Amino acid sequence: MSGFMNHVTRKVAVDIFWRLSTWMAWCLPFYIGFFIIEHFVPQIQIDLNFFDGTIQSAKVYMLVVGIILALSVPGAYIRNGVTRKNMFNGVFIGMSCTVGVLSLVVQILYGLSLWIFGNEFGQSNGLSQIYHNQFLSLFLIFFLLCVIYFAIGWLIGLAFSRYGFLSGMFSIALSIVLVGLSEYFWNSYMKLPWRLDLLMSWLPDTQILFVTGFVGSAVILALLIALLHMMIRRMPIKP
Amino acid sequence: MTTEIKADHVSLRLGNHNVLSDISFQLKGDKIYGLLGRNGAGKTSLLSLLASFREPTEGTIRINDEMPFENDRVMNQVNFVYAKDQSNETETVKGMLEFAERYRPNWNAEYALKLVKRFKLPLDQKVDALSKGKQSALDVVIGLASRTSVTIFDEAYLGMDAPARSVFYEELIKDYAEHPRCMILSTHLISEVASLIEEVMIIDCGKLLLHESVDTFMSHGLSVTGPAEKVDQLTSGLHLLKQQQLGRTKSVMIYGQLESGRRAEFESAGFELGPIGLQELFIYLTEHEGDEE
């Protein structure tokens, strides 16, 4: 029963895949509805096209989902006799599959939106403009950023639940740096109140190659997974 | 294969607090064990080590000769049922049962549904909408229907009314008889489980006070009633748990192995002899200075 993908890990992955997919299936129609309304109501001024808007929403969504699951999932599975390792692997495999499907669905919908509403670029540095017509690149960027944001959500959730308030605050500080770096690799700054573009202004303002961005994101993700693995492998559960 | 649990010099330290200190014991065979202890004695902490909720700071725990922590062969055979806050649990009763079924290899769905009916649990209701007693009943259903080699009930009855507790004890003993396994009951309602348990472990202030079969433990307790002077004379030097005097009549509770002939001596002196209940023995053995204040 050992190994990376044993039958317990598969079960956890399937659980997480269906749970997250169900939540996505609830959220996505609202976003599509909002996008259509926005297109027909000139008073609503949002300068993001479907892809750029979706990726921003999806990142925040994955961050929040990551925090929520980090607080509830470990206890639920360990109480039912699942090892921490199987639970962790299952969660990340299940989540990655969900994000993969979501990324694919978003590409299809983005293609449809271009076909129906025309080629509207909103934000000047939007990813869809930088990687115009490169659907595979957009698919991978969407996937990587969503997985990174989910991992950051887990980091924050676990830090608060396992180590307390101060460590939780430290994890937020670390997360801001990691979010900033991830965004920097794709020249795509989050439109959040803290304005990461200002926070990361010390970094050189140059166009980063896709390969560099891909490798950089993969390194951030690997670091996050290693950190989460360290936090979870001996994690106590409070009865 | 019968279950064997072995704890070897186990200690647990949380922050600056020694929760468990140098505890060693062996639970050999499929029996119903009672784990008794006062509030904060370390019962739940000890049980959480068996369930791999955390690791001991020192010492080792072995279940069937294997370390349980992060061992999926052992962990899926240990079910730790305890009273937990389920006020945010939005899953339905049915969903909770299905979830347990996915991860418990010996799950018996038919038996689970039978228990659901006995406890009158509404399958489609969300857990957070259930009363505390019904939530506990659901935990009990999951604990029993999982049929894990090691099943632990830690104050699992919280909120359950007397009839529901009676159903719990009835089903527990019936299922244990049909599917013998290692069951550990940790409870404050000692008199209710006294007839169920075969071996008793008492922990006090993080230390194992005793671990004996219930029969042996009970045989160590004796209540002696008779004329005060004579009782004082014949019980001097014995471990007295409690003394009460009313007029010239005195009643004492003795704990410990009596020398041969001592009991006959009491009987020939005309003393009234009687057993001491498990709960009384537990109370007097774990009584500390200042408890009465």
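Treat the numbers as computed from the prediction; the structure is a model and nothing was measured. Letters A, B, ... mirror the listed sequences (proteins, then strands); counts begin at 1.
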Residue B:Ala100 versus chain A: region with a heavy atom under 4.5 Å: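 Both backbone and side chain.
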Heavy-atom contact with chain A under 4.5 Å, split by part of B:Asn71: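 It is the backbone, since no side chain atom gets that close.
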Please name the residue in the list A:Val14, A:Asn80, A:Val82 that meets the side-chain contact (heavy atoms from CB on, under 4.5 Å) test with B:Arg102.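 When side-chain contact (heavy atoms from CB on, under 4.5 Å) is applied between B:Arg102 and each of A:Val14, A:Asn80, A:Val82, only A:Val14 qualifies.
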For [X] and [Y], work out which heavy atoms get closest and say how close.
X	Y	value
A:Arg233	B:Phe69	O-CE2, 3.8 Å
A:Pro239	B:Phe80	CB-CE2, 4.1 Å
B:Phe53	A:Arg84	O-NH2, 3.1 Å

Do A:Asp15 and B:Tyr103 pair up side chain to side chain, a donor and an acceptor below 3.5 Å, judged on atom types alone?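 Yes, because at least one side-chain N or O of A:Asp15 sits under 3.5 Å from a partner of the opposite role on B:Tyr103.
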So does [X] have more than 12 non-hydrogen atoms from other groups sitting under 6.0 Å from [atom1]?
X	atom1	value
B:Lys6	NZ	no
A:Phe170	CZ	no
A:Trp18	CH2	no
B:Glu110	CD	no

Which one, B:Glu89, B:Met75, B:Lys84, leads in non-hydrogen pairs under 4.5 Å with chain A?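 Between B:Glu89, B:Met75, B:Lys84, the count favours B:Met75.
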Salt-bridge present (A:Arg19, B:Glu91; N to O < 4.0 Å):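 So A:Arg19 pairs with B:Glu91 through a salt bridge.
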Between B:Glu70 and A:Lys85 (salt bridge meaning N to carboxylate O under 4.0 Å), is one present in this structure?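 Salt bridge between B:Glu70 and A:Lys85, a charged N being under 4.0 Å from a carboxylate O: no.
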Say you draw a straight line from OG1 of B:Thr44 to NZ of A:Lys238; how long is it, rounded to the nearest 0.5 Å?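 Rounded to the nearest 0.5 Å, the OG1-NZ separation comes to 15.0 Å.
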Rounded to the nearest 0.5 Å, how far apart are CG of B:Asp72 and CG of A:Asn86?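 That separation rounds to 5.5 Å.
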Assess whether side chain to side chain contact (heavy atoms under 4.5 Å, CB included) is satisfied between B:Arg54 and A:Met235, documenting all intermediate values. CA-CA 7 Å; B:Arg54 57 170 72 244; A:Met235 179 186 180; over 6 Å; no
